There are 2 protein chains.
Amino acid sequence: MNNDPGDRMKNGHGGARPNAGRTRGSGAYGEPTRTVRIPESAMTELHALLEQHRQQALLRRHSDTLFLPAQAAESARLPMYSHRVAAGFPSPADDHVEARLSLDEHLISHREATFFVRAIGNSMIQAGIFDGDLLVVDRSVTPVHGHIVIAVIDGELTVKRLHQRDGITMLKAENPRYRDILLKEEQELRIWGVVTATIKQLL
Amino acid sequence: MNNDPGDRMKNGHGGARPNAGRTRGSGAYGEPTRTVRIPESAMTELHALLEQHRQQALLRRHSDTLFLPAQAAESARLPMYSHRVAAGFPSPADDHVEARLSLDEHLISHREATFFVRAIGNSMIQAGIFDGDLLVVDRSVTPVHGHIVIAVIDGELTVKRLHQRDGITMLKAENPRYRDILLKEEQELRIWGVVTATIKQLL
DNA sequence: CAACTTGATTGTTGTTACAATTTTCAAATG
DNA sequence: CATTTGAAAATTGTAACAACAATCAAGTTG
């Protein structure tokens, strides 16, 4: 070993030669890279993704000496993406969503006293009740002023808002084109129940 | 306006106050990020992954308005009355009811693809969707012209009616006081799903 | 002369730094 | 009391940096 640096430095090795240095694409991926910023929770998934790319680069690099057994038929190997890369949308199958909801439980408090009625007509359109909507009716709720109720007037089933003021009982429609029903003395008001929810099916 | 900087600078606004500046986790992912270096061919996959994380962050951020269906417990069938049952008091215990109904079964056709959203605002009031209504959303339904959809525009979750005519895509509000959203070229429309039912709770 | 060593060179790679942007709060304004 | 405004603090894409690895040609050794 020559420990004197001066001598060697003068007629130095290497130098600004062409084709010196490591060759392009000699990294772990065999291709240029970029820096990106990602959330920390994506790190594990990303590491899986990177490992996959490294494997593929390794395979490409040694493709002249490495062979794999032919696959039985075209059992089209799909790329083994980490987790659900393709998804992109929140999926109900995902687990880390806090609240889960049962419509039955959510909308029905008194099971024994609840039934459904399909609305007919447009007399309650301003209350958001359209023809064909499904109404959830609770018979155990005591109807008071302001409630939307299912009532029987002259043998007809109707949905109206119950008004009780100064001893006068009315069934008001929520549509200016419909008349309110003022309850006469001899008329009997039969209230089947209070509407606790209305459901509009669009499809 | 005081254009003299000296005055304002002295008792300047802001300053090194506590709790000033934007809050931690207010980014698109709701969590800290890191920079990593990845091969270029992984960029598309990474973008999908990141989009997914952004969606999940959005979902987390709106967890007070987003729900998923519960597992089918003992889905209680409740009586479903037809409208013409004029006579006396029907009881849910009665037998001569037409059908018995489970809301979960009736309103949810694809459990794996269904979630709930609580509506905010009154932009769809003429479609019978009011502030606070519960929307049943099915991701497996292909959105077409006329459907009411849940969409993400500029990171905001909205309910609108989808219009597609002559190559133009619009999100129309059903309330004259709200402007329609005309989709610009560079704007990306993300439709989370189609609203299959809306539920208005009255009690 | 073939095999090995050596040093400069150049691409890779993980991380840090930076600048532009966005979000937020409280004081100031009307 | 609602709105405006300026500074502060975080986000975010990208540039820069430093340590490292690979490569080649000249030099050295047997």
Side-chain angles (χ1 to χ4, degrees), chain A residues 1-65 82 88, chain B residues 1-62 64 152-157 186-188 190:
Chain A
M1 298 277 179
N2 184 355
N3 279 330
D4 177 18
D7 253 33
R8 263 222 296 290
M9 291 309 249
K10 210 161 41 159
N11 61 344
H13 304 272
R17 288 164 280 111
N19 300 338
R22 70 187 286 185
T23 52
R24 196 169 299 235
S26 65
Y29 305 107
E31 52 174 322
T33 60
R34 330 188 54 182
T35 56
V36 294
R37 187 179 284 278
I38 67 163
E40 295 208 323
S41 65
M43 283 300 286
T44 47
E45 286 162 289
L46 183 72
H47 272 132
L49 185 66
L50 292 184
E51 179 57 33
Q52 188 184 329
H53 276 262
R54 273 191 293 265
Q55 297 285 341
Q56 287 178 0
L58 201 66
L59 208 149
R60 238 177 290 131
R61 189 167 297 174
H62 295 109
S63 61
D64 52 339
T65 61
S82 68
Chain B
M1 300 278 172
N2 183 357
N3 279 328
D4 176 21
D7 253 31
R8 262 220 297 290
M9 290 312 249
K10 206 162 44 162
N11 59 345
H13 303 273
R17 287 167 279 113
N19 302 336
R22 71 188 284 186
T23 51
R24 198 169 301 232
S26 65
Y29 305 107
E31 53 173 322
T33 60
R34 337 187 57 189
T35 54
V36 295
R37 187 178 286 276
I38 66 161
E40 294 210 323
S41 66
M43 283 299 284
T44 48
E45 285 162 289
L46 183 71
H47 272 132
L49 184 67
L50 292 183
E51 180 59 32
Q52 186 184 334
H53 277 261
R54 274 190 291 265
Q55 297 283 343
Q56 287 178 359
L58 198 68
L59 207 151
R60 241 175 286 131
R61 195 166 292 178
H62 290 106
D64 52 340
V152 182
I153 287 283
D154 298 330
E156 273 302 307
L157 211 55
E186 72 279 5
Q187 253 179 330
E188 190 187 14
R190 284 236 119 130

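Lettering of chains follows the sequences in order, A, B, ..., and the numbering in each one begins at 1. Not measured: the values here are computed from a predicted model. The analysis underlying the following values was restricted to heavy atoms, covering all of them including side chains, and did not include hydrogens, waters or symmetry mates.
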Return the CD1 to CD1 distance between A/I38 and B/I38, rounded to the nearest 0.5 Å. 8.5 Å

Applying the side-chain contact (heavy atoms from CB on, under 4.5 Å) test to B/H47, which of B/M43, B/E45, B/E51 qualifies? B/M43

Check nucleotides 12-15 of chain D for protein N or O atoms closer than 3.5 Å to its own N or O atoms and list the pairs.
unit_1	atom_1	unit_2	atom_2	d
D/dT12	OP1	B/A28	N	2.8
D/dG13	N7	A/R37	NE	3.0
D/dG13	O6	A/R37	NH2	2.6

Mind listing the closest non-hydrogen atom pair of B/R37 and A/L50 along with its distance? O-CD1, 4.3 Å

Heavy-atom closest contact (B/P39 atom, A/E31 atom, distance): CB-OE2, 3.4 Å

Distance check, rounded to the nearest 0.5 Å: A/T33 atom OG1 versus A/H53 atom NE2? 13.0 Å

In whole Å, I'd like the distance from the CD1 atom of B/I38 to the C1' atom of C/dT12. 15 Å

Between CZ of B/R24 and P of D/dA8 the distance, given in whole Å, is 18 Å

Rounded distance (Å) that lies between atom P of C/dG14 and atom CG of A/L50: 8 Å

